[in-house]
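The structure appears right after this line, and notes come after that.
All ligand and atom numbering here is 1-based and tracks the order in the structure.
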Amino acid sequence: MIFSTIINFFLLILQTMYNNILTSIENAILTITINRETKLNALNIETLQEIKKAVDAVQSDKNISGIILTGAGSKAFAAGADISEFVNFNKKEGTKMSADGHEVMNSIERSAKPVIAAVNGFALGGGCELAMACHLRIASDNAKFGQPEVNLGVPPGYGGTQRLVQLIGKSKALELLLTADVISAHSALEYSLVTDVVSIEDLMPRCTEILNKIATKSPMAVAKVITCVNDYFDNSKNGFQTEIEEFGKAFSTADFKEGTDAFLNKRKAIF
Ligand code: COA
């Protein structure tokens, strides 16, 4: 009782630190909600920085097992970068906007805690890029995905040209990037852009269910899987070498002792 009062107190403080997102913690899951519903949760620069801050803040928090990222309301996850904010940017400002956005996306992708995008409506442009930076994407059946930047006279700037290719392959990615077509949740599932489509009511429960399952596994091993998979796509790294090193390092951890001991003694591991 006292413990949860203290947690709620700190949550309240944390909440007031943000202007554009809401955060809540329940059963060790941090939910970050982009809270700009009247602007279809368009991602202005401050919103992206707040998302990064919220994700970074829990990286070494043992009481957090995973993160859900979603949008307020039932119409949009995020309808893209905030066009009104960058409309008058020059080359230097555009470059900085993109570089800073890449940092945000990279920090989500490299999060040691699994991050699931609960895509509850439009995920366009920067919204689709944000979802793609998450480790998993679950869509509600009203969700829509697209990279419509070519309509605005720019290519995607938050990693869309790279992550879309990684996730759905070059042909389909180029089709979406070049035509600016917006696709349904079911097409996104068919393309493997998302791993599941559920009703809007089932969206958060489904994401919670997945994170709860992951939470029963070794957090150390989960973090290592994320690192190794990321390194596959990092040209400066050799993912196979990373795997050899991370595999070896795991042997000196308590999680490894617990996991193997539990198996050999026919009991459930407690990490
Ligand atoms: N940036 C800034 N504002 C945005 C936005 C964005 N990416 N997407 C939506 N909004 C704002 C609209 O300007 C509008 O604000 P207003 O009420 O103050 O005029 C509000 O959100 C509602 O959007 P609206 O266009 O009226 O909703 P709609 O249901 O008619 O259309 C979309 C929904 C998603 C099809 C449409 O908003 C859209 O095309 N958005 C831009 C998508 C895009 O190009 N994203 C990539 C950006 S890089």
Within the protein, is there a heavy atom lying under 4.0 Å from [atom]?
atom: atom 19 (O) of ligand 1; result: no
atom: atom 26 (O) of ligand 1; result: no
atom: atom 23 (O) of ligand 1; result: yes

Starting from [atom], which protein heavy atom do you reach first, and at what distance in Å?
atom: atom 1 (N) of ligand 1; value: Ile83 N, 2.9 Å
atom: atom 44 (O) of ligand 1; value: Pro148 CG, 3.6 Å
atom: atom 13 (O) of ligand 1; value: Lys39 NZ, 4.8 Å
atom: atom 39 (O) of ligand 1; value: Leu124 CD1, 4.8 Å
atom: atom 35 (C) of ligand 1; value: Phe122 CZ, 4.1 Å

Evaluate side-chain contact (heavy atoms from CB on, under 4.5 Å) for Ile34 paired with Leu130, printing each intermediate quantity in order. CA-CA 11 Å; Ile34 306 159; Leu130 181 63; 3.8 Å; yes
Please work out which of [options] has its closest non-hydrogen atom nearest to [atom].
atom: atom 29 (O) of ligand 1; options: Arg36, Lys75, Glu37; value: Lys75
atom: atom 43 (C) of ligand 1; options: Gly125, Ala79, Ala42; value: Ala79
atom: atom 14 (C) of ligand 1; options: Thr38, Leu40, Asp82, Leu152; value: Thr38

Do [X] and [Y] sit within salt-bridge range, that is, some charged N less than 4.0 Å from a carboxylate O?
X: Arg206; Y: Asp202; result: no
X: Lys249; Y: Glu246; result: yes
X: Glu258; Y: Arg267; result: yes
X: Glu175; Y: Lys172; result: yes

What salt bridge (charged side-chain N to carboxylate O under 4.0 Å, His left out) pairs are there with at least one residue in residues 25-36, not counting sequence neighbours? Arg36-Asp82
Students should find that the hydrophobic cluster of Val150, defined by side-chain heavy atoms under 4.5 Å apart, otherwise consists of none
